[in-house]
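Have a look at the structure below before the remarks.
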Amino acid sequence: MDKKRSMVTVTNITKTYNKGVVKAVNNVSFSVAKGELFGLIGPDGAGKSSLFRILTTLLLPDSGTATVAGYDVVTDYRQIRSSVGYMPGRFSLYPDLSIEENLHFFATVFNTTVKENYHLIEDIYVQIEPFKKRRAGKLSGGMKQKLALCCALIHKPTVLFLDEPTTGVDPVSRKEFWEMLKRLKQQGITIVVSTPYMDEATLCDRIALIQQGRILSIDTPQGIVAAYPGQLYAVKARDMPRVSQVLTTYTPPFINYLFGEYIHVDSQGMGDRNPTELLRGILTQAGLDGIEVTPITPTIEDCFIKLLTT
Ligand SMILES: Nc1ncnc2c1ncn2[C@@H]1O[C@H](COP(=O)(O)OP(=O)(O)OP(=O)(O)O)[C@@H](O)[C@H]1O
């Protein structure tokens with residue numbers, strides 16, 4: 001990637017806790033281009049929040065370097081704090097202040113006014129404005145999320161860091177939220193967002209799959225899916241627990257896991273044999289009926305599981 005256009009550059013960042021016992025971020029490197037919507041995708045404890053806190057200058061890394069908007073996260077923390085917007089995991093709103101008061105408070109802290117940058121938040125703010133006198137502590141998850149986003153945007157940041165913004169938010173608000181992010185991106189704001197929801201990964205321009213502080217893969221969602229080695233099958237039969245048992249106890253065992261109403265089975269270890277025929281044969285021989293075996297395109301979650309098992 002063109003370094004000049006890079007708005008976030010992370011180089012070999014490591015962060016440990018408890019005197020090195022917990023490796024929260026382990027030699028992580030990536031960069032995010034201007035105007036890109038970049039996702040950090042990983043389960044709880046993967047190290048996403050620690051990375052965000054380092055990039056927003058709230059935590060010092062043990063080693064490695066990082067720049068945001070061209071500023072060093074250790075030496076230029078003042079410039080970074082004024083040029084980034086940060087929405088922490090637990091929305092940092094003042095529960096006793098109203099919607100309106102929270103917004104004015106954040107604008108004042110950043111030496112600006114709500115009026116000056118209203119155009120940036122208008123789309124989002126109009127949705128919560130009817131309740132502007134309501135205290136933040138009394139808002140629903142979706143409304144808190146919208147207010148927190150307005151507060152993170154009110155000083156016109158060039159880079160926006162959103163740490164699990166959709167966790168605990170209803171599905172409709174989650175969808176609306178991603179549409180808002182698309183619009184912000186169109187205004188040239190660079191966005192780094194983390195989520196444990198794999199389905200949200202496909203809404204990013206590029207994603208990093210992260211687990212136990214390590215990046216397993218970085219690419220476009222389509223690139224990650226295209227790089228899936230082998231073929232995946234969706235398998236179903238009348239007795240699903242038995243399907244899993246048969247596939248797991250086969251020699252060599254097949255990678256298989258429940259995925260919605262199907263069991264996904266990886267073709268690894270099937271050699272030259274036709275996987276559909278092989279799977280049908282094994283399951284029929286085990287006395288199962290109602291067997292369905294269909295080759296499928298993996299989801300990001302399948303790719304994540306595959307990366308974890310190889
Ligand atoms: N202050 C701390 N002291 C000790 N261990 C910590 C501290 N903060 C985080 N950890 C540990 O570091 C690892 C990474 O945590 P981190 O919060 O960065 O991950 P995360 O992906 O954001 O997950 P979550 O969504 O649960 O916060 C976890 O094992 C966590 O328990």
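Remember, it's 1-based here, ligands and their atoms both numbered in the order they're listed.
- Here the heavy atom of the protein found nearest to atom 14 (C) of ligand 1 is Gly45 O, 3.4 Å.
- Those atoms of ligand 1 that come under 4.0 Å of a heavy atom in Asn18, given as number and element, are 4 (C).
- Shortest contact from atom 18 (O) of ligand 1 to any protein heavy atom: Ser50 OG, 2.6 Å.
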Pair Phe304, Thr299 - check side-chain contact (heavy atoms from CB on, under 4.5 Å), show working. CA-CA 9 Å; Phe304 201 98; Thr299 63; over 6 Å; no

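- Protein heavy atom in closest approach to atom 6 (C) of ligand 1: Tyr17 CD1, 3.2 Å.
- Both the sub-6.0 Å distance and the 45° axial angle are not jointly satisfied by Lys146 relative to the ring of Tyr125.
- Judged by distance alone, with hydrogens and angles left aside, the side-chain atoms of Glu277 form no donor-acceptor pair with the main-chain N or O of Arg273 at under 3.5 Å.
- Counting heavy atoms under 4.0 Å from ligand 1, residue Asp163 does not touch it at all.
- With rounding to the nearest 0.5 Å, the separation of CG in Asp266 from CD1 in Ile305 is 10.5 Å.
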Decide yes or no on ring pair (Phe, Tyr, Trp, His ring centres under 6.0 Å) for Phe110 and Phe106, but give the supporting numbers first. CA-CA 6 Å; Phe110 284 102; Phe106 278 90; 7.4 Å; no

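- Contacts with ligand 1 closer than 4.0 Å are made by heavy atoms of both the backbone and the side chain of Asp44.
- Considering only heavy atoms from C-beta on, Lys306 stays 4.5 Å or farther from Pro298 through its side chain.
- Residue contacts with ligand 1 include Gly47, since one or more of its heavy atoms lies under 4.0 Å from the ligand.
- For atom 12 (O) of ligand 1, the closest non-hydrogen atom of the protein is Ala24 CB, 3.4 Å.
- Taking atom 25 (O) of ligand 1 as the reference point, the nearest protein heavy-atom neighbour is Glu164 OE2, 2.9 Å.
- Note that CG of Leu120 and CG of Leu153 are 6.0 Å apart. Values are rounded to the nearest 0.5 Å.
- Distance remark: protein heavy atom present below 4.0 angstrom from atom 21 (O) of ligand 1.
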Using side-chain contact (heavy atoms from CB on, under 4.5 Å), reason through Tyr250 and Ile282 one step at a time and then give a plain yes or no. CA-CA 9 Å; Tyr250 193 79; Ile282 294 168; 3.5 Å; yes

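- In this structure, the protein non-hydrogen atom closest to atom 27 (O) of ligand 1 is Ser49 OG, 3.4 Å.
- By the 4.0 Å heavy-atom criterion, Pro43 is counted among the residues contacting ligand 1.
- Some N or O of Ala46 is nearer than 3.5 Å to an N or O of ligand 1, by distance alone.
- Per-atom contact check: atom 4 (C) of ligand 1 touches the protein, criterion being a heavy-atom distance below 4.0 Å.
- The aromatic ring centres of Tyr262 and Tyr233 sit 6.0 Å or more apart.
- If you check which protein heavy atom lies closest to atom 11 (C) of ligand 1, you get Val22 CG1, 3.8 Å.
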Start with the C-alpha distance between Thr195 and Glu164, add both sets of side-chain angles, then the distance that settles side-chain contact (heavy atoms from CB on, under 4.5 Å), and finish with yes or no. CA-CA 5 Å; Thr195 177; Glu164 298 199 12; 5.7 Å; no

